[in-house]
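Quick notes on the structure that follows.
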Amino acid sequence: MATESTPLSEELPFQILRSTWQPVVNSADLPAGKVTGATLLGESLVVARFPDGSLLAARNACPHKGYDLSKSHICNGRLQCGYHGWRFNSAGECQDIPSLVNPPANKLQLSHLQNFPVQERYGMIWVRLSEHESAPLPEVPEFENPDWTYIVAPPMRFQSGYRREIENYLDMSHFAFAHSTTLGVAANPIIPPMKIEEYEDGFLMDAPFPALESPHEQPGKLQEAHRRRQRCYLPNFTTIRQSFADGDERVLVHIPSPISREECNVFWALAISPGFRGPAPESQVEFASAVLNEDREMCENQIPHEVPVNPVKGGWGVLVMPGDTLANTFQKTHRQWLMRSAKQAVPV
Ligand code: FES
Ligand SMILES: [Fe+2]
């Protein structure tokens with residue numbers, strides 16, 4: 001039986017993540033009648049929205065001769081392969097083989113696309129590569145509350161594994177250095193003790209943002225001291241709720257959707273409380289993009305490009321507390337989650 005110290009395979013996370021929902025494209029980038037491609041956990045996908053609004057996510061290879069279906073188009077309400085024109089409906093059924101006057105039923109049946117479960121929520125299109133669902137999408141009421149301003153930003157590709165990105169997102173001890181001219185302009189590098197609660201599906205950290213009211217630096221609203229609650233839903237859906245002294249709030253989410261073991265696409269969004277006193281929503285997104293770009297630099301320049309699943313001697317690097325408490329908590333709980341999920345594993 002696997003114990004805390006049992007070495008886990010580096011392939012295990014991708015096998016287990018097949019049962020989780022991952023974003024593959026922003027809703028706004030897939031209007032009705034559009035076809036696109038995405039790579040999730042090493043699997044090449046075709047994703048399409050049909051004129052009636054229905055969504056299709058399937059293995060990106062035509063059942064006929066394996067043509068890349070993401071290079072195909074929707075014609076007369078059906079996905080038409082660009083090579084020999086076979087046509088598929090949104091359920092993945094092959095409905096027409098143009099080279100045959102009467103395509104035999106058995107050939108049509110054999111030519112079903114390999115569909116994956118797909119859903120749309122929070123302004124993103126989510127795919128699950130397994131029939132088995134390990135957990136539904138986390139509930140974030142602020143993202144669906146019409147009184148809040150909700151913005152889905154363009155995803156940003158990182159040449160690093162998804163765990164590097166999450167560790168970075170949770171970490172507060174880099175603000176004064178990696179973000180010295182943006183988010184961390186007034187940040188204090190000393191991290192106060194933080195309170196962490198662990199749950200079956202992740203953990204919650206409640207701590208102040210490490211800001212310093214320095215006479216040399218006048219922090220703007222987004223850089224000033226605030227309360228910060230970071231909720232990580234394993235494996236990779238993390239929200240940060242910021243509560244400012246004037247009562248304003250923001251909720252951010254990051255979901256680094258894994259492309260390969262050393263590459264991820266960071267989907268992210270921001271909800272702003274009604275009547276927020278501070279920069280306009282567009283400026284907030286611009287500011288957050290600049291900060292994320294600085295984070296990308298950090299993640300892409302770490303060795304190795306992904307955090308190992310097994311702690312080496314001394315843990316996942318030389319960690320210091322409380323600065324690295326969140327990184328340690330994430331790696332520890334992520335590993336426990338993998339072991340629990342492997343026990344319940346359903347063939348994919
Ligand atoms: S490869 Fe798609 S129809 Fe031939
Ligand atoms: Fe950062």
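Residue numbers count from 1 along this sequence. Heavy-atom basis, side chains included; hydrogens, waters and symmetry copies ignored. As the structure lists them, so they are numbered: ligands from 1, and atoms in each ligand from 1. Only a predicted model underlies this, so the values are computations on that prediction, with no experimental measurement involved.
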| task | Side-chain contact test, heavy atoms from C-beta onward, threshold under 4.5 Å: evaluate it for Glu10 versus Asn310 and give yes or no. | result | yes
| Straight-line distance of Gln22 CD to Ile125 CD1, nearest 0.5 Å | 14.5 Å
| task | Say whether His174 and Asp295, considering side chains only, have a donor N or O and an acceptor N or O under 3.5 Å apart. | result | yes
| field | Donor-acceptor side-chain pairing of Ser243 and Glu249 below 3.5 angstrom | value | yes
| task | Would you check if there is a donor-acceptor pair between the side chains of Gln242 and Arg250 at a distance under 3.5 Å? | result | yes
| query | Which is it for Arg121 and Glu139 under the salt bridge (Lys or Arg N to Asp or Glu O under 4.0 Å) test, yes or no, and what are the steps along the way? | reply | CA-CA 10 Å; Arg121 202 166 172 200; Glu139 293 296 321; 2.8 Å; yes
| task | Taking the Fe ion (ligand 2) as the reference point, name the nearest N/O/S atom of Asp295. | result | OD1
| message | For atom 4 (Fe) of ligand 1, which protein N/O/S atoms fall under 2.8 Å? Skip waters. | response | His64 ND1, His84 ND1
| Atom name, His179 (N, O or S, nearest to the Fe ion (ligand 2)) | NE2
| request: Verify the distance criterion only: is there a donor paired with an acceptor across the side chains of Glu294 and Thr182 at less than 3.5 Å? | output: yes
